[in-house]
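Here the structure comes first, spelled out in structure tokens, and everything after it is commentary.
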Number of protein chains: 2
Amino acid sequence: MTTEKRRAPAGAAVLRGEITTAIRRALMQELAEVGYGRLSIEAVARRAGVSKTAVYRRWSSKVELVLEIVAAAAHGKLPVLDTGTLRGDLALLFQAVAHALRHPLASQIIPDLLAEAARNPAIDETLRQVLHARQQEVGGRLVTRAVQRGELPADTDPDAAVDLIIGPLYWRLAIARAPITDTYLGTLVESVATGLGAEPAVPRPRGAVAPSAHA
Amino acid sequence: MTTEKRRAPAGAAVLRGEITTAIRRALMQELAEVGYGRLSIEAVARRAGVSKTAVYRRWSSKVELVLEIVAAAAHGKLPVLDTGTLRGDLALLFQAVAHALRHPLASQIIPDLLAEAARNPAIDETLRQVLHARQQEVGGRLVTRAVQRGELPADTDPDAAVDLIIGPLYWRLAIARAPITDTYLGTLVESVATGLGAEPAVPRPRGAVAPSAHA
DNA sequence: CAACGACGGTACGGTTGCGTCCCGACGTGT
DNA sequence: ACACGTCGGGACGCAACCGTACCGTCGTTG
């Protein structure tokens, strides 16, 4: 019988966590530096100070390596937000997103992978799970609560709301790569809130012509 | 004297436009299919049914090739918009952007190049000229006119306005790659307009709790 | 009509990365 | 204390691509 129990790997015959960690870190840096397209296992191993075999023992292919690590890194980043007001929720969410995208690694890796997702179904699938679905969920909850509070119209489309919430911030941080100030975030909160259908926080100041003063 | 005038290239010794065109088309397809990172001159030439030399005679490097062609393709795409109302301008702009991004080539190439721009200064520079500057200009004009009409507050920040205008649409089309309907575009116009500070088109319907309706 | 000269295509060496195989090293469990 | 079994590392053959040099072809110009 060869079905007897094999001895469990032990001692030196077990994966060393430090090396796994080094590979993870090297992958992130390499991904940010050259992008998914040019990413090579060889370069990752080189940067990690590790042999290629060390990588192949852990992940069997480039896409598997990237997906596992990226998915893990993207988990547990969004706060449970419930501040009691739409604007509070938005401000908190924006802070979290801005914080995450300020990491140079994230701000380079995420757009790169999102672009790659357009042609790689496996990446697309993973990103939809760890990013899109999460956003839809968080955005959906945010909208739902605001509707229940009466801050937003009952027929607010959560789908469109998510676009309006995440779009401008993503554009500015990841695409335009323009600086962000607290003032800007404050303005954005107000814009998005009113854009979604909330009452303006303050009576709208008008420009040269002031139709609201006619009442 | 060797400074005499050389005979101008003529006959077979002149670049054949058909081949240049074939290379341009092949580049676009290749760029959409594998992305800038994996793009190889060899594959472009192969797809164009042309020799590598034909490519190298016209462009000396990969980045030059991509930049020249992409910059050319991005020119003259945005309409001169002045419909007389903020919402009209927005609707027209959205239609144009949506139309452009519906092209499969554009919707794959643009995010890819934008991601690449984060690590390639030459690409960044070019894209800023052909995309960002243009958007800022168009968006700035749109906002300025709306302010003059009294549709928007005088202190509207054109910079933030551009983010709010382009962000959601870009997100949905290029990143989320969700379908777009005329209804959606209409909702988006209204959201962005009010988000920018315009008066709502219709009195805001409130949800379950309606503090404004208690009067 | 003949010479010109850049054309497009092939062939080439060099570089890089892939995925695999083999080897000595090493820490644990018997 | 020894045998076990996986570890990490280096080496290998293979494939793709880069950028260049060369070569015969072809239309125009004098």
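Computed from a predicted structure; not experimentally measured. So that the names make sense, note that chain A is the first sequence line, chain B the second, and so on, each numbered from 1.
The heavy-atom pair separating A/A48 from A/A22 by the smallest distance is CB-O, 3.6 Å. Closest heavy-atom contact between A/V147 and A/A154: CG1-CA, 3.7 Å.
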Note to self: side-chain hydrogen bond (donor to acceptor under 3.5 Å, both in side chains) for B/D157 and A/Y184? Distances and angles first, verdict last.
What the structure shows: CA-CA 10 Å; B/D157 176 8; A/Y184 176 83; over 6 Å; no
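Sequence order on DNA chain C of the closest nucleotides to B/V14 and A/E42 puts B/V14 first from the 5' end.
Contact annotation for A/S40: backbone-only contact, meaning every heavy-atom pair under 4.0 Å involves sugar-phosphate atoms and none involves a base. At a threshold of 4.0 angstrom between heavy atoms, the contacts of A/R38 with the nucleic acid are absent.
In this structure, the CG atom of A/L39 is 16 Å from the C1' atom of C/dG19, given to the nearest Å. Between the C1' atom of D/dT6 and the CG atom of A/L15 lies a distance of 9 Å, rounded to the nearest Å. Between A/L65 atom CG and C/dC18 atom P there is a gap of 11 Å when expressed in whole angstrom units. In this structure, the CZ atom of B/R46 is 8 Å from the P atom of D/dA16, given to the nearest Å. Rounded to an integer number of Å, the gap from CD1 of B/I41 to P of C/dT15 is 20 Å.
When each of B/R134, B/Q135, B/R141 is checked for a side chain to side chain donor-acceptor pair (under 3.5 Å) with B/E137, only B/R141 meets the rule.
The listed nucleotides are C/dG8, D/dC18, D/dC17; the one nearest the side chain of B/I19 is C/dG8. Among C/dG8, C/dG17, D/dG10, the nucleotide with an atom closest to any side-chain atom of A/T53 is D/dG10. When distances are taken from the side chain of B/Y56 to each of C/dG8, C/dC18, D/dG19, the shortest belongs to D/dG19.
Not a single donor-acceptor contact under 3.5 angstrom links the side-chain atoms of B/S51 to the base of C/dT10. Judged by atom type and distance alone, A/R57 reaches the base of D/dG8 through a side-chain donor-acceptor pair under 3.5 Å. At a cut-off of 3.5 angstrom, the base of C/dG19 holds at least one donor-acceptor pair with the side chain of A/K52.
No side-chain donor-acceptor contact under 3.5 Å links B/S60 to the backbone of B/Y56.
Between B/R16 and D/dG27, a side-chain N or O to OP1/OP2 separation shorter than 4.0 Å is absent.
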